[in-house]
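What follows is one structure encoded as structure tokens, with my remarks underneath.
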Amino acid sequence: MATAIAAHFQNFLSICLLPETSVLRFFVGCIPGFACPQHARARNGPFFTVGRISSVARLLRAKNALDVFIMHYAFLIDNNKFGIRGSALSVAVRPGEKCMKNGVIAGKTVVELGSMIAAPYGAHLLNQLGADVIKIEPPTGDTTRKLVRGGPSGSFVAFNRGKRSLCLDMMSEAGSDAFRTLVARADIVLHNLSPSAARKLGVTFAGCNTINPDIIFCHIKGYGAGPLQEQVASNPIAEAATGVMYYNRPDGRPARLGPSYHDQFAGCYAAIAILAALQSDRSEERRNIEIGLYETGLHIAARDLMGVQLKSQLLGRPEQEPSAEFSIPGYGAYETQDGRWIYLVMLTDDHWRKFGTATGLSPDPELATLRQRRARRQDVEQIVGALVAGFEFDMLVEKLIAAGVGHTEVLPLDRVLDAPQARAGEKLSDFDFAGYRFQTPELPLGPLLCDVAASLPPPLLGEHSTQIMQELGFSVDRIAEVVHQGAAVEADLAAPLWAKPRKGKAVR
């Protein structure tokens with residue numbers, strides 16, 4: 001057994017360093033039993049397609065061959081399924097056997113024309129649920145490919161992994177033809193082009209529905225129906241227009257919250273709508289989905305909007321409901337003796353009593369109720385701050401746990417994934433991209449997800465252009481002609497993605 005495994009690993013190394021087409025012939029020819037709709041149009045297509053092999057080969061070139069080999073074949077050892085056919089491994093997966101999960105929408109093809117966050121994030125969710133996402137990009141690529149040292153940003157790496165990239169100039173006849181051919185075979189089109197750009201490129205429900213009368217079409221745009229429906233918008237615009245930004249004033253003037261939560265909510269709403277449409281009667285009305293970023297912001301702001309209406313009627317004046325941090329003393333972040341920050345949950349009188357037990361605070365009948373503590377907010381803040389500052393973090397945590405007080409450490413991003421809770425279970429995935437190692441959180445839906453996308457990096461620009469055009473029936477000569485005309489672009493595998501910072505310079 002050990003000899004067979006070692007021999008196959010050596011063969012695996014040599015094969016995967018051959019040109020892509022040779023690798024494809026090897027895997028597809030020798031392992032017909034694997035099926036994965038994630039990267040095959042047919043439900044029972046080969047597990048190792050060109051896109052899959054190119055990703056494997058990139059991992060190998062990053063000197064992670066052993067990891068790749070173990071990742072794909074270790075389960076065979078446990079189940080005693082090693083068999084050598086010629087120089088290759090032959091495996092048949094029997095019904096009921098577990099090797100990899102197919103997501104709940106495996107077999108569906110999503111055509112994404114997305115830039116920045118909203119549409120790419122929505123497509124990322126569908127990819128995690130098993131869909132094969134084909135990301136159509138212009139020759140310049142998604143905007144987020146060039147945001148950090150001339151290369152991909154964290155947003156691009158996080159929300160585009162596992163997708164395939166088809167780079168097209170859709171203003172050209174050949175590029176537009178490739179798009180239309182793809183739509184005819186797809187299940188879903190998801191984009192966040194501006195309304196004018198969508199019409200110019202022919203990315204409309206009317207156009208796509210004519211090509212494919214069963215297509216689900218989702219457009220994430222700045223504004224839904226209304227006087228601004230032709231205007232563009234962005235995450236901070238949605239924050240400003242829906243009241244979120246007005247009260248967020250860290251330096252005295254309204255400011256965006258930080259992360260692009262409205263974009264990600266819009267992507268979530270798009271994914272929800274698409275999943276609902278898949279279960280619907282498939283009428284045109286239910287297959288033609290529009291998600292406005294502004295309307296998303298309105299929905300997110302519902303709690304605060306209701307709070308203002310309530311206060312206006314109760315008090316006779318508009319007043320936003322303050323957050324718990326500003327209305328409940330002792331609820332918030334406090335610094336410990338050793339310079340770490342802890343966030344305390346102090347919502348109720350019971351929470352206050354438990355905090356007192358944990359920290360040795362003597363009961364004070366004048367501070368027993370929330371109403372009393374609110375009336376003496378400044379005093380309570382000073383008491384809590386002083387008590388927390390008197391403990392080192394670990395000692396305080398031990399006492400808070402024993403007393404049942406809700407809390408957590410306020411962590412910087414570089415420590416978040418080191419937390420034991422983050423590392424428990426199957427919450428994180430590792431992958432290599434352009435010679436760098438990444439670890440990313442998974443969509444927390446467990447058995448509904450697809451295993452395959454977990455280990456795949458994001459695509460290079462145009463990495464799958466040739467593969468996808470082959471799947472669409474383009475001949476080798478026609479593909480070469482389209483690429484020569486500039487209507488499609490193939491990936492430059494040798495080009496560095498990021499400019500490395502000079503010594504002493506910070507990465508921007």
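A distance of 12.5 Å separates CG in L460 from CD in E490, rounded to the nearest 0.5 Å. The distance from the CG atom of L190 to the CG atom of L113 is 8.5 Å, given to the nearest 0.5 Å.
If you check the side chains of S155 and T144, you find no donor sitting under 3.5 Å from an acceptor. A donor atom on one side chain and an acceptor atom on the other are not found under 3.5 Å apart for E409 and Y343. Side-chain polar atoms of E366 and Q372 form no donor-acceptor pair below 3.5 angstrom.
A salt bridge does not link D132 with K108: none of the charged nitrogens is closer than 4.0 Å to a carboxylate oxygen. Ion pair R164/E137 not flagged as a salt bridge, since none of the NZ, NE, NH1 or NH2 atoms sits closer than 4.0 Å to an Asp/Glu carboxylate oxygen. Between D349 and R373, at least one side-chain N (NZ, or NE/NH1/NH2) sits under 4.0 Å from a carboxylate O, which counts as a salt bridge.
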Begin with the C-alpha distance, continue with both residues' side-chain angles, and end with the deciding distance and a verdict on side-chain contact (heavy atoms from CB on, under 4.5 Å) for F355 and L387.
CA-CA 10 Å; F355 175 76; L387 286 169; 3.7 Å; yes
Show, in sequence, the C-alpha distance, side-chain angles and deciding distance for T109 and I188, and conclude whether the side-chain contact (heavy atoms from CB on, under 4.5 Å) test is met.
CA-CA 6 Å; T109 297; I188 298 153; over 6 Å; no
Would you please test F217 and H191 for ring pair (Phe, Tyr, Trp, His ring centres under 6.0 Å) and show each step?
CA-CA 9 Å; F217 185 90; H191 76 94; 5.3 Å; yes
Can you check side-chain contact (heavy atoms from CB on, under 4.5 Å) on L400 and I342, steps first, answer last?
CA-CA 11 Å; L400 293 175; I342 192 164; 3.6 Å; yes
side-chain contact (heavy atoms from CB on, under 4.5 Å), that's the test. Do T440 and L428 meet it? Break it down for me.
CA-CA 5 Å; T440 184; L428 307 176; over 6 Å; no
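Every pair passing salt bridge (Lys or Arg N to Asp or Glu O under 4.0 Å) that includes a residue from residues 111-126 is listed here, sequence neighbours excluded: E112-K135, E112-K163. Residue pairs meeting the salt bridge (Lys or Arg N to Asp or Glu O under 4.0 Å) criterion with at least one partner in residues 387-404, sequence neighbours excluded, are R340-D394. Residue pairs meeting the side chain to side chain donor-acceptor pair (under 3.5 Å) criterion with at least one member in residues 220-231, sequence neighbours excluded: R199-E230.
In this structure, D187 contributes its side chain and I216 its backbone to no donor-acceptor pair below 3.5 Å. The backbone N or O of Y246 sits less than 3.5 Å from a side-chain atom of R249, completing a donor-acceptor pair. Checked by atom type and distance alone, the side chain of N127 never pairs as donor or acceptor with a backbone atom of A123 at under 3.5 Å. Side-chain atoms of N248 come within 3.5 Å of backbone N or O of R256 as a donor-acceptor pair. E239 places no side-chain N or O within donor-acceptor distance of the main-chain N or O of M245, the cut-off being under 3.5 Å. Proximity of a side-chain donor or acceptor of R374 to a complementary backbone N or O of P329 within less than 3.5 Å is not detected. Looking only at distances, a side-chain donor or acceptor of W498 sits under 3.5 Å from a matching main-chain atom of P152. Of the possible donor and acceptor atoms, none in the side chain of N102 sits under 3.5 Å from a partner among the backbone N and O of A106. Judged by distance alone, with hydrogens and angles left aside, the side-chain atoms of S465 form a donor-acceptor pair with the main-chain N or O of C167 at under 3.5 Å. The main-chain N or O of Q439 is never found under 3.5 Å from a side-chain atom of D430 such that the two would form a donor-acceptor pair.
None of V203, D142, L166 except one satisfies the side-chain contact (heavy atoms from CB on, under 4.5 Å) rule with I136; the exception is L166. Residue Y331 is tested with E381, M346, H351 for a side-chain contact (heavy atoms from CB on, under 4.5 Å); the sole match is M346.
In terms of heavy atoms, L443 sits closest to L449 at O-CD1, 2.9 Å. Shown here for P318 and V308, the closest heavy-atom pair between the two residues is CB-CG1, 4.2 Å. In terms of heavy atoms, T143 sits closest to S115 at OG1-OG, 3.0 Å. Annotation for D432 and P457: closest pair O-CB, 3.1 Å, computed over non-hydrogen atoms. Taking each heavy atom of N192 and G114 in turn, the nearest pair found is OD1-CA, 3.2 Å.
In this structure, N235 and M116 have side chains that are not in contact, with every pair of non-hydrogen atoms separated by 4.5 Å or more. Residues Y334 and V384 have side chains in contact (heavy-atom distance under 4.5 Å, counting atoms from C-beta outward). At a threshold of 4.5 Å between non-hydrogen side-chain atoms, the residues V110 and I105 do not count as touching. In this structure the side chain of L461 never reaches within 4.5 angstrom of the side chain of D492, judged on heavy atoms.
The salt bridge (charged side-chain N to carboxylate O under 4.0 Å, His left out) search around D338 returns none, not counting sequence neighbours. Residues passing the salt bridge (charged side-chain N to carboxylate O under 4.0 Å, His left out) test with D350, sequence neighbours excluded: R353, K354.
Under a cut-off of 6.0 angstrom, the local environment of OH in Y261 is sparse, with at most 12 non-hydrogen atoms contributed by other residues, nucleotides or ligands. More than 12 heavy atoms of other shown residues, nucleotides or ligands fall within 6.0 angstrom of atom CG in L314.
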Just list the side-chain donor-acceptor pairs under 3.5 Å for residues 263-272, sequence neighbours left out, or say none.
residue, atom, partner, partner atom, Å
Y269, OH, H299, ND1, 2.7

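A cation-pi arrangement, defined by a distance under 6.0 Å to the six-membered ring centre and an angle within 45 degrees of its axis, is absent between R437 and F433.
The aromatic rings of H124 and Y121 lie tilted to each other, with the angle between the two planes from 30° to 60°.
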